[in-house]
Visitor: 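I'd like to ask some things about the structure below.
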Amino acid sequence: MHVQDSHWSSASAVATGAAMSAPTGGGRAGGARTTPLRVDAQRNLEHVLRAAREVFGELGYGAPMEDVARRARVGVGTVYRRFPSKDVLVRRIAEEETSRLTDQARAALGQEDEPWSALSRFLRTSVASGAGRLLPPQVLRVGVAEEHGLPDHAHVPQQRTQPSAGELRLVPGEPAAAAPEDAGTAQLLDVVGKLVERARAAGELRPDVSVSDVLLVIATAAPSLPDAAQQAAASARLLDILLEGLRSRPA
């Protein structure tokens, strides 16, 4: 995916203002008051967000805004009125996905006493929800553990840039520190880190498995297939294989 990360912070603010409020028609010129969206405008916004999640989940964040508009059954102008640029819409979807993953990780951490059960529950819940197809770029750019003397940023996971580019792949990239950090991303990494640390301390997780590896499992175990039943079965089967690879083995 090629998203101008340096513009995401300002884009987020624009998205919040554009999506959540609209100018009053009866206010004085130059006034700063806003009113809630009309019922039809709110409905259009919900359609656009749902369509964006579906389209980006199927085709990657490289999918054009026109595809989102067609899926939402609105004009592309309606999409741009709510989200002035594609970066703004991508930021909105990515932030929502980060929040959802964080909630899933916290639920697993708080409701499962066994460390391995907590980690596997988080992975199964996240993969079943299709979260891996919408993982935000700043999360996917977390550096993997050093290998063969390479720095953390030598190879980083990155999402698809075009519909034909295939699934998640490892590519040369910028250092993770170059990506803007936000509170949502930090919270997700912190909670997933606790799941990883608990499972590793209990001797149930391979000692070389990192938070990056767990996120990579979520991303790769959620293939996009045209048949929903086939997709669910493929995800479950692939996750079973990946979980076996994560588990520690007796010496």
Side-chain angles (χ1 to χ4, degrees), residues 1-5 7-24 34-107 125-140 159-163 168 179-180 182-188 215 218-219 222-226 228 231-232 235:
M1 171 173 45
H2 181 66
V3 177
Q4 297 299 323
D5 291 341
H7 298 160
W8 273 33
S9 295
S10 58
S12 181
V14 174
T16 302
M20 300 307 296
S21 61
T24 55
T34 60
T35 58
L37 292 174
R38 300 189 314 272
V39 173
D40 58 339
Q42 179 63 35
R43 183 169 56 247
N44 283 342
L45 172 61
E46 292 170 356
H47 288 168
V48 168
L49 289 172
R50 184 182 305 112
R53 283 189 289 270
E54 293 175 356
V55 170
F56 293 150
E58 294 169 8
L59 305 178
Y61 284 126
M65 293 282 266
E66 289 77 9
D67 284 3
V68 174
R70 279 193 292 271
R71 184 71 61 92
R73 296 183 178 180
V74 299
V76 70
T78 298
V79 180
Y80 278 108
R81 276 195 296 274
R82 298 289 168 241
F83 303 96
S85 73
K86 182 180 173 182
D87 284 356
V88 175
L89 178 56
V90 167
R91 177 76 176 189
R92 172 70 176 267
I93 298 300
E95 286 178 343
E96 289 182 352
E97 200 62 22
T98 299
S99 178
R100 179 164 67 144
L101 282 168
T102 302
D103 289 343
Q104 292 170 349
R106 283 176 176 154
T125 302
S126 300
V127 170
S129 70
R133 293 188 293 275
L134 291 169
L135 278 171
Q138 70 267 31
V139 171
L140 290 178
Q159 268 202 338
R160 291 167 284 175
T161 56
Q162 299 294 336
L168 185 99
D182 56 48
T185 299
Q187 289 174 7
L188 172 62
L215 296 175
I218 296 173
S224 180
L225 300 175
Q231 177 174 297
S235 292

Visitor: Can you tell me how far apart CZ (R91) and OG1 (T98) are? Round to the nearest 0.5 Å.
Guide: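 Going from CZ on R91 over to OG1 on T98, the span is 8.5 Å.
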Visitor: The criterion is side chain to side chain donor-acceptor pair (under 3.5 Å); which residues satisfy it with T102, sequence neighbours excluded?
Guide: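 Counting only residues at least two positions away or on another chain, T102 forms no side chain to side chain donor-acceptor pair (under 3.5 Å).
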Visitor: Any side-chain heavy atom of I93 within less than 4.5 Å of one from F83?
Guide: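 Side-chain contact under 4.5 Å: no.
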Visitor: Return the OH to CG distance between Y61 and L135, rounded to the nearest 0.5 Å.
Guide: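 Y61 OH to L135 CG: 8.0 Å, rounded to 0.5 Å.
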Visitor: Would you sort out whether R82 and N44 count as a side-chain contact (heavy atoms from CB on, under 4.5 Å), showing the intermediate values?
Guide: CA-CA 9 Å; R82 298 289 168 241; N44 283 342; 5.6 Å; no
Visitor: Is there a salt bridge (Lys or Arg N to Asp or Glu O under 4.0 Å) between R100 and E95? Walk through the geometry before answering.
Guide: CA-CA 9 Å; R100 179 164 67 144; E95 286 178 343; over 6 Å; no
Visitor: If you take all heavy atoms of S235 and V127, which pair is closest and at what distance?
Guide: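 What the structure gives for the nearest pair is CB-CG1, 3.8 Å.
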Visitor: Yes or no on side-chain hydrogen bond (donor to acceptor under 3.5 Å, both in side chains) for S126 and Q104, after CA distance, side-chain angles and deciding distance?
Guide: CA-CA 7 Å; S126 300; Q104 292 170 349; 2.9 Å; yes
Visitor: Is E97 paired with R53 through a side-chain N to carboxylate O contact shorter than 4.0 Å?
Guide: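 Here R53 does not pair with E97 in a salt bridge, since their nearest N and O are not under 4.0 Å apart.
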Visitor: Go through the structure and list residues passing side chain to side chain donor-acceptor pair (under 3.5 Å) with D67, not counting sequence neighbours.
Guide: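 Counting only residues at least two positions away or on another chain, D67 forms a side chain to side chain donor-acceptor pair (under 3.5 Å) with R70.
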Visitor: Only counting residues at least two apart or in another chain, list the ones meeting salt bridge (charged side-chain N to carboxylate O under 4.0 Å, His left out) with E46.
Guide: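 For E46, no residue satisfies salt bridge (charged side-chain N to carboxylate O under 4.0 Å, His left out) once neighbours in sequence are set aside.
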Visitor: How long is the straight-line distance from CG of D40 back to OG1 of T78, given to the nearest 0.5 Å?
Guide: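 Rounded to the nearest 0.5 Å, the OG1-CG separation comes out at 10.0 Å.
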Visitor: Applying the side-chain hydrogen bond (donor to acceptor under 3.5 Å, both in side chains) test to R71, which of H47, E66, E54 qualifies?
Guide: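 Of H47, E66, E54, side-chain hydrogen bond (donor to acceptor under 3.5 Å, both in side chains) with R71 is met by E54 alone.
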Visitor: Could you check whether any side-chain heavy atom of L49 comes within less than 4.5 Å of a side-chain heavy atom of E96, counting everything from C-beta outward?
Guide: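 Side-chain contact under 4.5 Å: yes.
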Visitor: Using a 4.5 Å cut-off on heavy atoms from C-beta on, say whether the side chain of F56 contacts that of R133.
Guide: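 Counting from C-beta outward, R133 and F56 never come under 4.5 Å.
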